[in-house]
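Written below as structure tokens is the structure these notes are about.
All ligand and atom numbering here is 1-based and tracks the order in the structure.
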Amino acid sequence: MVVAEVPKLASAAEYFFKMGVEGKRFRPTVLLLMASALKMSIPESATDTALNSLSKELRARQQCIAEITEMIHVASLLHDDVLDDADTRRGIGSLNFVMGNKLAVLAGDFLLSRACVALASLKNTEVVTLLATVVEHLVTGETMQMTTSSDQRCSMDYYLQKTYYKTASLISNSCKAIALLAGQTAEVSVLAYDYGRNLGLAYQLIDDVLDFTGTCASLGKGSLSDIRHGIVTAPILFAMEEFPQLRMVVDKGFEDPDNVDIALDYLGKSQGIQRTKDLAAEHASLAAAAVDSLPPTNNEDAIISRRALVDLTQRVISRTK
Ligand code: GRG
């Protein structure tokens, strides 16, 4: 799906799909597990062959959603790196750094257009609407992050809304698409959505902790990339509740490295990191509860996949990279 006609565009679009730099492929993994988790008990009367070919066809369509989701994700990474003028991604040079901004933007556009074609081929307008809305959310979230007033930068509600748009919308709506393709009820589709939403939020909250701590528990060991770019995340917002004087530091901006150090000092004295981890754990529990609320099944694949989805909620909050 990502192979282009023109060689330059082909190498740009394939860049992050090459072996070794394909990333964790977290989203497609979750989506294929969700697809299996929704397999329901087999009615005794159904003939084996008819059922097998139907379930193979469904699996292929759900796999297509997993592929589309990863293509949208990679397209957003390519554009994000242009906006941030990043020089590395996934441990290698970012595409904008290696091939320039123009090709990186075009490669992102190309991936998005191929994702659209694949989406149209599924001939399900509700699913098309869901994923088109996700792209709108990614753009909205990025714009919200880029253009904040002082009050918005210091608001937990604004941060959580932006986090939903930038990180959780893609996985939650794709989980819902997986359920809709399987012909599940509105209730089950909402549970799939709730799982993705809460997993996505937990994932980003921990990402925001790791930006400060890296693999260690101590502050300043992470890349500090967010704060250095002036992006205020949950740990600082919680710290600000305990130390309102931190607001003045945030308002000054973080171009001056001394200001970063002052903010880190306040953060160290506060419960900011712990409260962010606690909030992530709450969302992880809500994600697990959504899976546990799915209708009972005796399908072996579904039982194993539900266990894996619940296990992932714990991995997301205990990860150190
Ligand atoms: C072109 C669709 C499109 C959007 C343009 C730039 C932009 C608008 C949105 C930015 C969206 C963005 C980069 C959100 C961050 C999401 C995130 C948590 C990225 C890290 O994902 P991982 O950890 O990375 O799954 P790997 O490398 O494993 O895939």
Check your understanding: Would you say Asp80 has any N or O atom under 3.5 Å from an N or O of ligand 1, going by distance alone?
Key -> no
Point to revise | Option of least heavy-atom distance to atom 2 (C) of ligand 1 (set: Thr140, Leu78, Leu138, Val105) | key: Leu138
Review point. Heavy-atom count around Glu14 CD within 6.0 Å, excluding the residue itself: above 12?
Key: yes
Revision key, fill the gap. of all protein heavy atoms, closest to atom 1 (C) of ligand 1 is His79 ND1, 3.2 Å
Review point. Parallel under 30°, tilted from 30 to 60°, perpendicular over 60°: which one fits the rings of Phe26 and Tyr203?
Key: parallel
Practice item. Ignoring hydrogens and angles, tell me if any N or O in the side chain of Glu70 forms a donor-acceptor pair with the backbone of Arg25 under 3.5 Å. Key: no
Review point. Would Phe16 count as a contact of ligand 1 if the rule is a heavy atom under 4.0 Å away?
Key: no
Check your understanding: For residues Ser36 and Asp301, is any side-chain donor paired with an opposing acceptor at under 3.5 Å?
Key -> no
Exercise for review: Consider ligand 1: state whether an atom of it lies below 4.0 angstrom from any non-hydrogen atom of His73.
Suggested key: yes
Exercise for review: Around atom 12 (C) of ligand 1, find the nearest protein heavy atom and jot down its residue, atom name and distance.
Suggested key: Lys166 CE, 3.7 Å
Practice item. Would you mind telling me if ligand 1 is within reach of the side chain of Arg90, the backbone, both or neither, using heavy atoms under 4.0 Å? Key: side chain
Review point. Where does Glu142 meet ligand 1, judged by heavy-atom distances below 4.0 Å: at the side chain, the backbone, both, or neither?
Key: side chain
**Study point:** pair His79-Glu142: side-chain heavy atoms closer than 4.5 Å
**Key:** no
Practice item. Answer yes or no: is there an ion pair linking Asp311 with Arg307, defined by an N-O contact shorter than 4.0 Å? Key: no
Exercise for review: Pick whichever of Met71, Glu136, Arg27, His137 has a heavy atom sitting closest to atom 25 (O) of ligand 1.
Suggested key: Arg27
Review point. Identify the closest protein heavy atom to atom 24 (O) of ligand 1: which residue and atom is it, and at what distance?
Key: Lys24 NZ, 3.6 Å
Check your understanding: So, is Asp207 polar-close to ligand 1, with some N/O to N/O distance under 3.5 Å?
Key -> no
Review point. Would you say Ser76 has any N or O atom under 3.5 Å from an N or O of ligand 1, going by distance alone?
Key: no
Review point. Just by distance, with hydrogens left out, do Gln161 and Asp157 show a side-chain donor and acceptor under 3.5 Å apart?
Key: no
Review point. Does the pair Asp194/Lys176 count as a salt bridge with the N-to-O cut at 4.0 Å?
Key: no
Check your understanding: So, is the end of the Lys162 side chain (NZ or CZ) under 6.0 Å from the ring centre of Tyr165 and within 45° of the ring's axis?
Key -> no
Exercise for review: Give the residue and atom name of whichever protein heavy atom lies nearest to atom 23 (O) of ligand 1, and the separation in Å to one decimal.
Suggested key: Tyr203 OH, 2.4 Å
Point to revise | Protein residue, atom and distance nearest to atom 18 (C) of ligand 1, heavy-atom basis | key: Gln204 OE1, 3.4 Å
